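One structure is given below, encoded as structure tokens.
Not measured: the values here are computed from a predicted model. Below, each value reflects all heavy atoms present in this structure, side chains not excepted, and no hydrogens, waters or symmetry copies.
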Amino acid sequence: MLTGDPGTGKSVALRLLAERLRALPDVVVGTVEHPQSRTMDFYRELGDLFGVPLAAHNRWSGFKALRSRWADHVTSTRCRPVSSSTKRRRHSPPFSASCAFSRAKTSTPSSSFASSLRVTHDFPERMRAPELLPLGSRVRRRLTLDYASRDELLACLDHLLNAAGNPSLMTSELRVTLADHAAGNYRVLMNLGDELLAVAAERELPRLDEKLFLEVFAQTPKPKAAASARKR
């Protein structure tokens, strides 16, 4: 289970995990895109991922076929199917998908279904609720992602600039400024860079520097005289 505040890298960590798992022989990896859906829709998505059609009028037969598929896979390969859940929305139905994960694991022989969840930082505390205790007790590995340091943000920015083919697009001073204003959040860092890049593209600037940062993000203070006049 990966936990952390928004923008701390949970999705990226989960994608890296999925890539490594897919490289293993006989490991089946599926990504559940809508874990906030109701239990039947959740099972239907699992069935689609693992090639087992599930029908609403015959749910028991579909569930049985899905679990048999997992059990046969484990028996023949000694590897577990893996499903990764990409979101856990706060205001979705009461954790129906998470409970379904727990039921899916316990209903298959030898816990043959493995799953990885990407959740917000408050989810572990909420798993202490009675209806989620079975799920919490089955979480074997936990990764808590904290806010990034300046060096980590700079390394991320350098990696992206190199991958884009223009490592000198930003001055070193601007990279440090962006890292200092990102508040340890990768998503904030990307949003700041995106705004600067959009303005630079509009002006056809060959390089981004601190001057551009000050122009784009400078806050113009309101005149005190005008504010006093409005109050009167």
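- The nearest pair of heavy atoms linking P206 to L169 is O-CD1, 4.0 Å.
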Show every donor-acceptor pair shorter than 3.5 Å between a side-chain atom in residues 208-216 and any protein atom, with sequence neighbours excluded, or say none if there are none.
from	atom 1	to	atom 2	distance (Å)
D209	OD1	K211	N	3.3
D209	OD1	L212	N	3.1
E210	OE2	T177	OG1	2.7
E215	OE1	R203	NH1	2.6

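- Here the shortest heavy-atom pairing between P167 and N162 reads CB-OD1, 2.9 Å.
- Under the side-chain hydrogen bond (donor to acceptor under 3.5 Å, both in side chains) criterion, D158 pairs with R175, not counting sequence neighbours.
- L178 and M190 fall within the same hydrophobic cluster, where Ile, Leu, Val, Met, Phe, Trp and Tyr residues are linked whenever their side-chain heavy atoms come under 4.5 Å apart, directly or through other members.
- For R150, the salt bridge (Lys or Arg N to Asp or Glu O under 4.0 Å) test picks out D180, with sequence neighbours left out.
- Distance alone, capped at 3.5 Å, places no donor-acceptor pair between the E195 side chain and the L192 backbone.
- Contact check for L153 versus S149: no side-chain heavy atoms found under the 4.5 Å cut-off.
- Under the 4.5 Å side-chain criterion, counting only non-hydrogen atoms from C-beta, S168 is in contact with N166.
- Applying the side chain to side chain contact (heavy atoms under 4.5 Å, CB included) test to L24 and every residue at least two apart in sequence or in another chain returns L21, V27.
- Within 6.0 Å of atom CZ in R20, 12 or fewer heavy atoms from other residues, nucleotides or ligands are found, so the atom counts as exposed in its surroundings.
- For the side-chain hydrogen bond (donor to acceptor under 3.5 Å, both in side chains) test, residues two or more places apart in sequence or in another chain that qualify with T144 are T3.
- Side-chain contact between L17 and L143 is absent, with no heavy atoms from C-beta onward closer than 4.5 Å.
- Here A155 pairs with nothing under the side chain to side chain contact (heavy atoms under 4.5 Å, CB included) rule; sequence neighbours left out.
- Taking Y186 as the reference, nothing meets the ring-ring contact (aromatic ring centres under 6.0 Å, His included) condition, with sequence neighbours excluded.
- With contacts defined as side-chain heavy-atom distances shorter than 4.5 Å, the pair H181/F217 does not qualify.
- Closest of all the heavy-atom pairs between L2 and K10 is CD2-O, 3.6 Å.
- Applying the salt bridge (charged side-chain N to carboxylate O under 4.0 Å, His left out) test to pairs two or more places apart or on separate chains, none has a residue in residues 164-174.
- For T8, the side-chain hydrogen bond (donor to acceptor under 3.5 Å, both in side chains) criterion is met by no residue, not counting sequence neighbours.
- Each ring pair (Phe, Tyr, Trp, His ring centres under 6.0 Å) pair with one or both residues in residues 130-165, not counting sequence neighbours, would appear here, but there are none.
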